[in-house]
Structure formats: C-alpha cells, structure tokens
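Let me begin by presenting the structure, written as structure tokens, before commenting on it.
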Amino acid sequence: MSFKEIIASKRDGHALSTAAIDLFARGLADGSIPAEQVSALAMAILWRGMDVAETGALTRAMAHSGTAVAFDANALGGPVVDKHSTGGVGDKTSFLVAPIVAACGGFVPMISGRGLGHTGGTLDKLDAIPGYASAPDLARFKTVVAQVGCAIIGQTADLAPADRRLYAIRDVTGTVESIPLITASILSKKIASGTQALVMDVKTGSGAFMPTLERASELARTIIGTAASAGLPARALVTDMGQVLGSTAGNALEIAECVAYLTGGVREARLDAVTLALAAEMLVLCGLAPDRATATARADAAIRSGAAAERFGRMIAAMGGPGDFVERADTYLARAPVVVPVIPERGFLARVDARALGTALVALGGGRARAEDRLDLSVGFSEVAEIGAAVGPDRPLMLVHAASRDAADRAVAAVLAACTIADAAPAPTPVVHAMLADAGAA
C-alpha cells in the first residue's frame, strides 16, 4: 500500500493496520514521507480518529523509532516516575514537581516540548536560563537524573524522532487537538525516556486543547488505557485551565515565579494546589508514600525545607546553567523594556478567555506563530489577577511586559477583550476536577 492510499484509507474512516502505522513512523523518522503527506494524514486522523489498537500501535512505533533509554530503579536507589501536562497558559508545574519529587526520593527523567499553538512550552521557558542545555546527549541525561534526581530536557535527535517531526508539523497544521495524536506523542516520549510510572495533568477550560470536561476526561482515559497496553502504570488529574495558572505567563517571568515558589516566596493558591496534587499522585503511584495525605505533606515539607529548591539549582548547574541561578535568578533572566498595567473598569473578574491570552502572548513574541519564529523570552504577563478578584484602577488585571509600547498597547487591548468584569464575584470553581486511576475510573 502506498502512503497516498494510507491517507485515503484513514480519510474514508478505516482503521490503519499495524504495518501502515509502522510505515508512517519510519517515514517520519527518516524524512522519507514529505511534510504535506504527514499533514494530510494528521488531519485525517483528527477528523476520523483512531481506535485503541491504532493509538497503541502508533505509540509503540514512535517510541521505538530511535534510541530508548533504560533506568535501573534498584541501581538508582529509588523509583523512576514522570509527569506530563497537556499544556496551557502559565503552566509551569514541571519546574516545581520534578525537584519536589526528586527531593522526596524519586527519579524524574522528564522529556518536554516547545510551545504548541497558544500554549507555552517547557523548553522555551528553559531557554530563559542562560547556558541550560535542553538537548544533551542521552548519556548526560541519564547521569544528571542519577546524580540529581531529575532532569528536564527536550527530545534529542535520536529519542522518538518520529514524534519529534510529527509534533512540529501538528503545531502549524491545526491538528494539535487530536486525542490519538496527543496520546501517542506524550506516551512515545515517556516510554522512550525510560520512565516507569506516569502522572498526567490533563487540562480543561478555555485555555486547554480540550476545553470541556467531557473531552478532557476522554483524553485522560485514552492516555491511561494506552499506557496500560504498553505496561506503563499511569494516573491522570483533570485540572482547570480556565485562566492563567499562577501569577505569570511568559518564559522568563514563569521561571522567576518558580524560583520564588521554591525559595519561600509567594505560592499562588491555584498553582500550589495543582503542584501538590501532581507531586502527591506521583509519590503514591511509585510507592514513595502510602496515601495522598502523607504524600502531600512530604511534598510540602520538601518545599518548606529548601530541599526542592536545592534540587532545582543542582539540575540547572548540571545541565550547564549558572551554579548560583536560584540565588541570583533576577540577574540572569531577561527583562522586557516596557511594562504597562492593564486597567479595567471597577468590578470583579468574572471570566477569562485563557486561549485569547495565550494568543496575545504569542503576538508579543513569547510564542510561535510559525515553527521557525524566534522567541522574545522576556515578554509576557505578571501579577495576573485571579477570577473572582476585585479589579479596577487601583488593581490592574495584570502587567504586560513587551518589547515596545505599540506591542504593549496591542496586548493591553487583547487582554481587556479576553476578560469579563462583573458587579459580583462568581462562585469559585475547583482547580482539580477529577482523578482517574485506570481506563474506567472517574
């Protein structure tokens, strides 16, 4: 069967054979399938879907399209566990969860990606740290995980290369939201990176790729079921992305917020809730805590004692960043030359279109409209008001950090359009909507 016939078969709603999926993964990895055909099949999959068998076959084929890392938990002296988020605006939990779990005795080999669409990318945020090598060779990756307890990197050229290419094409072809492609992308990287247990953070709300709770839960169940078919224990939290997570959005600004969180500064309530919930689930899943209450207490203690901050600093230094980054982050992080407040009418912040905020951040230069775009790591939003907060001339919605006044003014207009002000505060909504432990749980 030619690849054109494979595209047509999926276009017409047929399930793809394992042989066809293997051909797709090989062609992605070696570049023999041109981008337009990859895009066409990705769109057909978005439109027609994939069943569990197809999704599992694609996951395994992409995971084994390059070199796979293996960790020996006995030799390390602790379990190997990871976390992954489906992405959002201001989602910076990777930089918090990884060192927290490492400080509690886990080993976290985290493979992350760049921004997709309106969402920020973990690797883009790492680029704000001078010298940090986010694409090391796999030997260095394994060494840092073993010595520090955690390492956050991007896909190297030989780690799941089929996913690496498909990920970039999905970002610019409107096929990011496909549940089978999201599932295969996430799990192929995790399996290839050697993780032995996985906790998913599946986002729902206006800033998520799965804006409804039903779609987010469907994605969570698909990931857990596909992971189980590959022998990977997994759980999923469905968490809110109806507004910015934390008080910042933007690469350098988010790193600064993480440093403050870990070193005794402000722990924004929603960010703290998601971080502790994810860390606790990881500790329970990999056997480092008997229950969530104990796990939450241990994670909180790792933050308060400074142990998590110490792990974060060691990871940065081991990956080529400054040895004193945690102590002197402000001197290393880029700052935008223009900072402008967003002044609303007096009232209460009732609703936020988080996707529109993410799009405004892209327009500032903090995200990519095209794969080749170069980012301005300094731009973004800080002091972001939470839904329900009283706002007005004396309490801006947020501060816009921009490269120019014109760019700032455009962002201010976009933020105002994305926010709804009301006379009364809305009822609070949960930050963690659900926890799924297996393919049928809710």
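Along the sequence shown, residues are numbered consecutively beginning with 1.
- Ionic pairing of D201 and K203 is present here: one or more N-O contacts between side-chain nitrogen and carboxylate oxygen are shorter than 4.0 angstrom.
- With values rounded to the nearest 0.5 angstrom, H401 atom NE2 is found 9.5 Å from F381 atom CZ.
- Contact annotation: the side chain of V81 never approaches that of Q196 to less than 4.5 Å [non-hydrogen atoms, C-beta and beyond].
- One finds the CG atom of L198 at 9.0 Å from the CD1 atom of I191 (value rounded to the nearest 0.5 Å).
- Annotation for C104 and L283: closest pair CB-CD2, 3.7 Å, computed over non-hydrogen atoms.
- Residues T18 and A57 share a closest heavy-atom pair of OG1-CB, 4.3 Å.
- Side-chain contact between L166 and S185: absent, with no pair of heavy atoms (C-beta onward) separated by less than 4.5 Å.
- Atom CD1 of I33 and atom OG of S39 lie 11.5 Å apart (nearest 0.5 Å).
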What do the steps show when you test I255 against L333 for side-chain contact (heavy atoms from CB on, under 4.5 Å), and what is the final call?
CA-CA 8 Å; I255 293 293; L333 293 171; 4.0 Å; yes

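- Within the 4.5 Å cutoff, no side-chain heavy atoms of T204 are placed close to those of R215.
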Between T93 and K83, does a side-chain hydrogen bond (donor to acceptor under 3.5 Å, both in side chains) hold up when you go through it step by step?
CA-CA 9 Å; T93 56; K83 159 265 173 191; 3.0 Å; yes

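- I303 places a side-chain heavy atom less than 4.5 Å from the side chain of R267.
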R270 and D272: salt bridge (charged side-chain N to carboxylate O under 4.0 Å, His left out), yes or no, with the steps?
CA-CA 5 Å; R270 294 174 63 258; D272 193 42; over 6 Å; no

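- Annotation: salt bridge (Lys or Arg N to Asp or Glu O under 4.0 Å) contacts of E177 (sequence neighbours excluded): none.
- Side-chain contact between I169 and R165: present, with at least one pair of heavy atoms (C-beta onward) separated by less than 4.5 Å.
- Using a 4.5 Å heavy-atom cutoff, the side chains of R164 and M62 are not in contact.
- Checked for salt-bridge contact, K92 and E268 miss the test: no charged N lies under 4.0 Å from a carboxylate O.
- Taking CG of N251 as the start and CG of L361 as the end, the distance is 7.0 Å to the nearest 0.5 Å.
- Side chain of E54 to backbone of D51: a donor-acceptor contact under 3.5 angstrom is found.
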Go through it in stages, so that I can follow the logic: the residues are F24 and F3, the test is ring-ring contact (aromatic ring centres under 6.0 Å, His included), and I'd like the CA-CA distance, side-chain angles, deciding distance and then a yes or no.
CA-CA 8 Å; F24 181 39; F3 199 73; 5.7 Å; yes

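- Not a single donor-acceptor pair under 3.5 Å links the side chain of Q243 to the backbone N or O of V352.
- Here the side chain of R140 pairs a donor or acceptor atom with the backbone of A318 at under 3.5 angstrom.
- The shortest distance between side-chain heavy atoms of S217 and E214 does not fall below 4.5 Å.
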Mind running side-chain hydrogen bond (donor to acceptor under 3.5 Å, both in side chains) on S247 and E383 for me, showing each step along the way?
CA-CA 5 Å; S247 62; E383 299 184 26; over 6 Å; no

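- Contacts of R26 classified as salt bridge (Lys or Arg N to Asp or Glu O under 4.0 Å), with partners at least two apart in sequence or in another chain: none.
- Atom CG of L159 and atom CD1 of I153 lie 6.5 Å apart (nearest 0.5 Å).
- The pair K142-D72 fails the salt-bridge criterion, with no side-chain N (NZ, NE, NH1 or NH2) lying under 4.0 Å from an Asp/Glu carboxylate O.
- T222 pairs by the side-chain contact (heavy atoms from CB on, under 4.5 Å) definition with I179, T183, E218, T226, not counting sequence neighbours.
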D163 and S65: side-chain contact (heavy atoms from CB on, under 4.5 Å), yes or no, with the steps?
CA-CA 8 Å; D163 172 69; S65 62; over 6 Å; no

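- At a threshold of 4.5 Å between non-hydrogen side-chain atoms, the residues I129 and Y332 do not count as touching.
- The CE atom of M200 sits 10.0 Å away from the CG atom of L278 when rounded to the nearest 0.5 Å.
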